[in-house]
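Okay, so here's the structure we're looking at.
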Amino acid sequence: MTDLTEKLRSVPAVSDLRALRETIWFNDQVTTAERGLLHTGLTREEAEDAEARLRRFAPLIAAAFPETAESGGIIESDMVLLPAMQARLAQRAPLPGRLWLKKDSHLPVSGSIKARGGIYEVLAHAEKLALEAGLITPADDYSQLLSPAHRQFFSQHKIAVGSTGNLGLSIGIMSARLGFHVTVHMSVDARQWKKALLRRRGAHVIEYEQDYGVAVEQGRKAAESDPDCFFIDDENSRTLFLGYAVAGLRLPEQLKEKGITVDASHPLFVYLPCGVGGGPGGVAFGLKLAFGDNVHCFFAEPTHSPCMLLGMSTGLHDGIAVQDIGIDNKTAADGLAVGRASGFVGRAMAQLIDGCYTLSDRTLFTLLAMLDETEGIQLEPSALAGMQGPQRIAASPAYLAQQGITPQQLQQATQLVWATGGGMVPADEMQRYLAKASC
Ligand SMILES: *Cc1c(COP(=O)(O)O)cnc(C)c1O
């Protein structure tokens with residue numbers, strides 16, 4: 001028996017993954033927020049620095065994207081209560097607590113959670129270049145970077161990224177708006193409308209016949225041979241991660257506005273769709289900074305692409321891909337079609353995530369139609385992955401006991417489903433998603 005075979009045999013969840021059964025894995029490495037945060041190797045200061053950088057850029061964002069003028073150039077999403085959806089779900093299985101949706105699906109500029117990390121990394125790079133060239137100081141109004149002269153400056157610089165779609169949209173739209181020469185390397189599963197939209201905005205799109213991993217690899221190679229090209233590395237970027245983390249830092253204020261209390265007797269549960277891991281990992285990192293032990297984070301993945309569950313449960317992280325256990329990585333959940341998890345996210349978050357679960361594409365489409373019917377909210381399939389979390393947890397008494405969460409505390413919990421995309425899906429595409437659910 002090889003070491004790998006032995007390792008895989010010792011992890012009970014792996015047989016469910018192999019069989020493509022919906023499953024949940026609870027993390028026995030999870031510890032206090034304080035200790036878990038130390039283990040990440042990232043600091044509160046770094047996350048706060050990202051938040052401050054986004055504030056410096058707010059005047060530029062407000063000027064460049066009029067839809068953000070109302071929020072003063074701060075790209076942030078609403079959160080809404082889902083009473084009808086909760087009632088419908090509860091017909092099948094208990095759903096204690098109150099069900100809320102965090103609508104990153106409708107973030108301005110690029111309509112997905114990638115409007116956090118992707119845009120942040122482009123801005124961080126632009127700021128670095130502009131500061132080095134002496135074009136601005138941190139005290140200046142950054143909206144001046146939109147002037148023709150500054151566009152001319154940025155046009156001499158290249159940015160590249162590999163993407164299944166949404167990261168490419170965010171980075172392409174933001175980079176092109178500043179004037180960068182930007183190339184997006186798209187995997188085969190990326191939607192046609194995303195490619196078309198990017199081209200309209202002035203980004204260069206290169207298409208591949210293979211999956212996300214290949215698109216990223218090709219992008220990385222193309223950038224390596226060109227010293228003027230800045231490659232945004234979805235699999236390893238700490239900058240992206242910190243951009244996402246800002247979401248967590250901002251949440252306490254939003255909960256306060258909604259009159260929601262989070263403390264030891266009113267826990268917060270957050271369910272995050274997970275692809276390569278940067279988005280959900282970064283958000284969870286920020287949430288742990290903000291709420292400490294009172295927040296519990298779960299990652300949700302398709303049964304055909306459970307790379308993070310596989311990586312974390314085996315401790316092999318990016319040392320194993322879903323294909324290694326015979327899974328095809330084929331799912332309709334665009335942003336989640338990732339076979340190998342980020343090298344650093346699983347390790348960084350190893351002690352802060354309560355667990356991961358999987359769900360089938362069929363379940364995603366059923367939930368997609370249910371949310372449309374009950375609440376009139378339309379999301380892309382990936383964005384529904386979190387929706388099963390509350391019921392999975394409620395059905396896991398051993399986990400709740402181990403975390404010391406009483407039935408009463410669960411009744412008082414805030415169940416926050418993180419919706420990650422869908423706001424820019426064209427109407428005809430959305431109709432196809434809805435039709436798929438009913439067949
Ligand atoms: C990218 C994406 C995710 C997951 O983010 P990762 O950083 O890849 O883990 C989830 N949902 C949607 C819609 C996405 O585009």
Side-chain angles (χ1 to χ4, degrees), residues 77 101-107 109-121 161-173 184 186-187 189-191 194 211-213 215-216 232-245 247 270-286 297-302 305-309 311-312 317-318 329 331-346 348-349 353 356 359 364 367-368 378-387 417-425 429-430 433:
S77 69
L101 190 72
K102 178 64 175 162
K103 292 177 76 179
D104 273 15
S105 47
H106 292 75
L107 277 171
V109 183
S110 66
S112 82
I113 189 170
K114 305 295 193 311
R116 298 186 184 277
I119 288 175
Y120 174 70
E121 182 146 11
V161 65
S163 170
T164 61
N166 287 335
L167 184 66
L169 269 191
S170 292
I171 286 173
I173 291 171
V184 182
M186 288 276 210
S187 53
D189 49 317
R191 306 285 141 183
K194 292 180 183 173
D211 76 1
Y212 162 84
V216 173
I232 296 185
D233 186 349
D234 194 17
E235 292 174 334
N236 298 295
S237 170
R238 291 159 64 99
T239 309
L240 272 177
F241 187 89
L242 291 167
Y244 291 118
V270 184
Y271 308 95
L272 297 142
C274 182
V276 74
V283 171
F285 173 67
C297 300
F298 284 86
F299 290 164
E301 297 176 292
S305 305
C307 65
M308 189 58 81
L309 198 165
M312 287 185 91
H317 301 293
D318 59 338
N329 190 30
T331 167
D334 290 13
L336 310 187
V338 179
R340 189 184 298 276
S342 155
F344 99 92
V345 173
M349 300 304 288
I353 299 301
C356 305
L359 69 184
L364 290 174
L367 293 166
L368 185 148
Q378 286 96 37
L379 303 179
E380 62 180 278
S382 318
L384 276 304
M387 197 61 84
V417 172
W418 211 279
T420 46
M424 286 172 71
V425 174
E429 187 89 3
M430 189 54 73
Y433 285 152

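Atoms within a ligand are numbered from 1 in the order they appear, just like the ligands themselves. Values in this document were obtained by computation on a predicted structure and should not be read as measured data. All values below come from the heavy atoms of this structure, side chains included, with hydrogens, waters and symmetry mates left out.
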Under 4.0 Å from one or more heavy atoms of G279, ligand 1 contributes atoms 6 (P), 7 (O)
Min side-chain heavy-atom separation L101-M387 under 4.5 Å: yes
Heavy-atom distances under 4.0 Å are what count here, so tell me which part of D334 touches ligand 1: side chain, backbone, both or neither. neither
Pull out every atom of ligand 1 sitting under 4.0 Å from any heavy atom of P280, numbered as shown with elements. 5 (O), 6 (P), 7 (O), 9 (O)
Going by distance alone, is a donor N or O of one side chain under 3.5 Å from an acceptor N or O of the other, for S305 and N329? yes
May I ask you to identify the nearest protein heavy atom to atom 4 (C) of ligand 1, giving residue, atom name and distance to one decimal place in Å? G275 N, 3.5 Å
Looking at every non-hydrogen atom in both residues, tell me the closest pair between Y120 and G243 and how far apart they are. CD2-CA, 3.5 Å
Which of the atoms of ligand 1 are close to G277, meaning less than 4.0 Å from one of its heavy atoms? 6 (P), 7 (O), 8 (O), 9 (O)
At what distance is the nearest protein heavy atom to atom 12 (C) of ligand 1, and which residue and atom is it? T420 OG1, 3.4 Å
Are the ring centres of F241 and F344 closer than 6.0 Å? yes
So is there a nitrogen or oxygen of G278 less than 3.5 Å from a nitrogen or oxygen in ligand 1? yes
Nearest non-hydrogen protein atom, atom 8 (O) of ligand 1: V276 N, 3.0 Å
How far apart are the closest heavy atoms of I353 and A284, and which atoms are they? CD1-CB, 3.9 Å
Does the salt bridge (charged side-chain N to carboxylate O under 4.0 Å, His left out) test come out yes or no for E380 and K114, once each step is laid out? CA-CA 14 Å; E380 62 180 278; K114 305 295 193 311; over 6 Å; no
Close side-chain approach of V276 to V345, heavy-atom, < 4.5 Å: no
Please could you name the atoms of ligand 1 that N166 approaches to less than 4.0 Å, counting only its heavy atoms? 13 (C), 14 (C), 15 (O)
Is the shortest distance from a heavy atom of A383 to ligand 1 less than 4.0 Å? no
Going by the closest heavy atom to atom 1 (C) of ligand 1, which one wins out of E235, E301, K114, M308? K114
Mark yes or no for whether Q378, through its side chain, and G422, through its backbone, hold a donor-acceptor pair below 3.5 Å. no
